[in-house]
Amino acid sequence: MKHTFTLSALACAAGLCASNAFAQDTGSFEFHGYSRGGPVLSTSDGIKGRLQLGGDLQGFRLGNEGDNGIEIDLIKNFKSDNINWKIHYMPAKWNGGNVGTEQAFVEMGGFSFAPEAKFWVGQRRLRLQDVHITDYILLNYGDNQGAGVTDIALGGGAKLGLGIFTGEKFDTAMKPGVEATRFNADISDINTNTDGKLRVLLTAVNGTGLANSNSGGGVSMVHNQSNFVMPGLNNALFLQTSTGHARIDGEFESIDGVNSGKQSTRIADSLSWQMGPWGGQTLVSYQTNKDDATGRETKDTAIGGRVSYAFSKNFKLLVDGVTTTRTGAGADQRLDKFTIAPTLSSGPNFYSRPELRFYVTMANWNDAAAVANAGTFGAGGKTSRTIAGIQYEVWW
């Protein structure tokens with residue numbers, strides 16, 4: 001359970017802004033963050049978004065989030081002799097919950113024996129690569145208490161990151177009698193071809209008191225290709241697999257001592273571009289998950305994308321469409337979503353932020369999807385929904 005935002009946490013945040021008497025030279029203070037929110041205008045039954053069948057890559061974001069939140073990253077940089085170091089603290093609040101700690105860690109670099117490497121201890125996000133239109137991080141090995149090092153030079157431009165983690169978080173503890181340890185190795189910037197780079201994330205988990213098994217492992221690879229087929233078009237191809245209590249993205253899977261691990265495989269491909277006024281991102285994905293305890297297997301597919309067109313520097317139109325399916329023990333489920341969003345923006349590009357959007361989302365799904373989601377958007381056998389709202393999104 002998350003702790004409330006106490007005076008000690010406020011003091012920690014304030015302390016980041018203060019000078020440090022023990023540092024020879026204080027550096028800069030950084031203030032970064034992310035927030036989104038706004039009113040959903042058309043709902044009468046509390047369903048404001050999250051229209052998806054449950055697959056990791058099925059939550060296409062535009063007009064489908066229906067939430068409100070903010071994350072603030074406070075960073076203070078210092079220099080002591082030849083050592084550069086900094087402290088990060090990131091509080092976050094989402095959807096009426098308490099303020100929690102997303103990040104709290106110290107990083108040090110500039111050591112004579114490894115001048116490029118950066119060593120860290122604490123709770124750190126290590127979100128390596130996402131597909132923005134689904135708000136899902138496909139390579140991700142942070143978010144728990146741990147320690148590690150990044151940016152170890154391997155030669156030829158390649159870099160190595162290493163991390164070891166427990167199942168603990170700043171605001172939560174493991175269940176008594178349950179323990180888990182995870183080791184990750186991240187090899188990035190491997191040159192493969194002209195404008196092409198490979199990244200590999202390895203995961204190994206071991207624990208005690210976990211359900212069904214006490215271990216797990218995973219391998220995730222992404223190949224990023226700039227100027228794919230034509231200048232300005234970029235492609236990301238993901239190949240991923242995991243077993244047991246290692247999650248397919250590089251984190252832990254079900255370490256509560258109750259739920260079992262699973263075997264997962266995923267292939268996904270994403271195009272992104274900005275060509276004049278046209279910008280966008282697409283996704284095609286296929287994922288299988290097989291529960292270790294029951295043997296039940298689900299298969300999730302998603303085909304969709306978001307396109308932006310800038311009519312002027314500060315006004316653009318966003319269009320998002322997707323078809324998703326889920327197969328498993330019961331009848332095949334299918335959900336289709338289409339969103340149109342006239343948008344005021346600080347700039348014409350796909351990633352220009354902040355944005356203020358008026359959106360209308362139309363979705364429909366089959367009877368099997370309605371039955372499987374009877375507790376949410378399929379309640380009462382409903383097989384379609386239209387949602388309208390106004391949303392802001394900003395990062396800085």
Side-chain angles (χ1 to χ4, degrees), residues 40-68 94-97 131 133-136 138 211-212 240 242 245 247-249 253-254 256 258-268 282-306 319-340 359-389 391:
V40 179
L41 303 175
S42 67
T43 183
S44 60
D45 55 7
I47 303 300
K48 300 178 179 180
R50 301 297 178 185
L51 306 177
Q52 65 180 90
L53 301 177
D56 290 341
L57 293 175
Q58 294 184 338
F60 281 64
R61 309 175 56 184
L62 187 64
N64 195 30
E65 290 172 321
D67 59 3
N68 298 273
W94 286 91
N95 300 321
V131 174
I133 56 176
T134 64
D135 197 24
Y136 187 82
L138 281 83
N212 200 61
Q240 301 173 274
S242 66
H245 293 282
R247 205 165 76 188
I248 195 170
D249 60 359
E253 173 67 45
S254 302
D256 56 5
V258 176
N259 294 295
S260 63
K262 61 186 179 184
Q263 301 176 42
S264 300
T265 60
R266 177 162 63 212
I267 179 171
T282 66
L283 174 68
V284 177
S285 69
Y286 175 74
Q287 181 171 337
T288 66
N289 295 302
K290 185 176 182 180
D291 187 274
D292 285 345
T294 66
R296 180 182 176 185
E297 185 176 43
T298 58
K299 301 177 182 179
D300 298 309
T301 64
I303 302 173
R306 185 192 304 181
V319 177
D320 182 289
V322 58
T323 294
T324 56
T325 62
R326 164 165 279 199
T327 62
D332 292 354
Q333 303 172 43
R334 178 180 174 126
L335 184 148
D336 302 311
K337 182 189 85 75
F338 178 80
T339 301
I340 185 168
Y359 63 85
V360 177
T361 294
M362 295 158 283
N364 60 77
W365 49 91
N366 65 4
D367 291 336
V371 171
N373 296 278
T376 54
F377 60 84
K382 184 175 290 188
T383 57
S384 65
R385 183 179 294 273
T386 298
I387 300 173
Q391 183 190 51

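Being a predicted model, the structure only gives us computed values, none of them experimental.
- Side-chain atoms of Ile387 and Leu51, non-hydrogen and from C-beta on, do get closer than 4.5 Å to each other.
- Asp291 and Lys262 are not joined by a salt bridge, as no carboxylate oxygen comes within less than 4.0 angstrom of a charged side-chain nitrogen.
- Within the model, atoms CZ of Arg326 and OG1 of Thr301 stand 10.5 Å from one another, a figure rounded to the nearest 0.5 Å.
- Separating the CD1 atom in Ile303 from the CG atom in Asp336 is a distance of 10.5 Å, to the nearest 0.5 Å.
- The two residues Ala302 and Phe60 come nearest to each other via the heavy atoms CB-CE1, 4.1 Å.
- In terms of modelled atom types and a separation under 3.5 Å, the side chain of Gln58 and the main chain of Thr325 share a donor-acceptor contact.
- Listed for the Asn366 side chain is a donor-acceptor partner under 3.5 Å among the backbone atoms of Arg334.
- Thr339 places a side-chain N or O within donor-acceptor distance of the main-chain N or O of Leu62, the cut-off being under 3.5 Å.
- Looking at heavy atoms from C-beta onward, Asp332 lies in side-chain contact with Thr327 at the 4.5 angstrom threshold.
- The residue from Val284, Asp300, Leu138 that alone fulfils the side-chain contact (heavy atoms from CB on, under 4.5 Å) condition with Leu57 is Leu138.
- Across Ser42 and Ala388, no two heavy atoms sit closer than the pair OG-N, 2.9 Å.
- The residues Asp67 and Arg50 are annotated as salt-bridged, a charged nitrogen and a carboxylate oxygen being separated by less than 4.0 angstrom.
- Taken from OG in Ser242 to CZ in Arg247, the straight-line distance is 9.5 Å, to the nearest 0.5 Å.
- Checking side-chain atoms of Asn95 against main-chain N and O of Asn68 turns up a donor-acceptor pair under 3.5 Å.
- Within the 4.5 Å cutoff, the side chain of Arg61 has no heavy atoms near those of the Ile133 side chain.
- Remark: the backbone N or O of Thr361 is not paired with any side-chain donor or acceptor of Asp320 at under 3.5 angstrom.
- Checking Arg266 against Gln240 by side-chain atom types alone, a donor-acceptor pair falls below 3.5 Å.
- Between the Asn289 side chain and the Thr298 main chain, no donor and acceptor come within less than 3.5 Å of each other.
- One finds a salt bridge joining Arg385 and Asp45 here, because a Lys/Arg side-chain nitrogen approaches an Asp/Glu carboxylate oxygen to under 4.0 Å.
- Taking CD of Gln52 as the reference point, atom CZ of Phe377 lies at 8.0 Å (rounded to 0.5 Å).
- The CZ atom of Phe338 sits 12.0 Å away from the OG1 atom of Thr323 when rounded to the nearest 0.5 Å.
- Distance CD1/Ile248 to OG1/Thr265: 6.5 Å, rounded to 0.5 Å.
- The main-chain N or O of Lys382 is found under 3.5 Å from a side-chain atom of Trp365 such that the two form a donor-acceptor pair.
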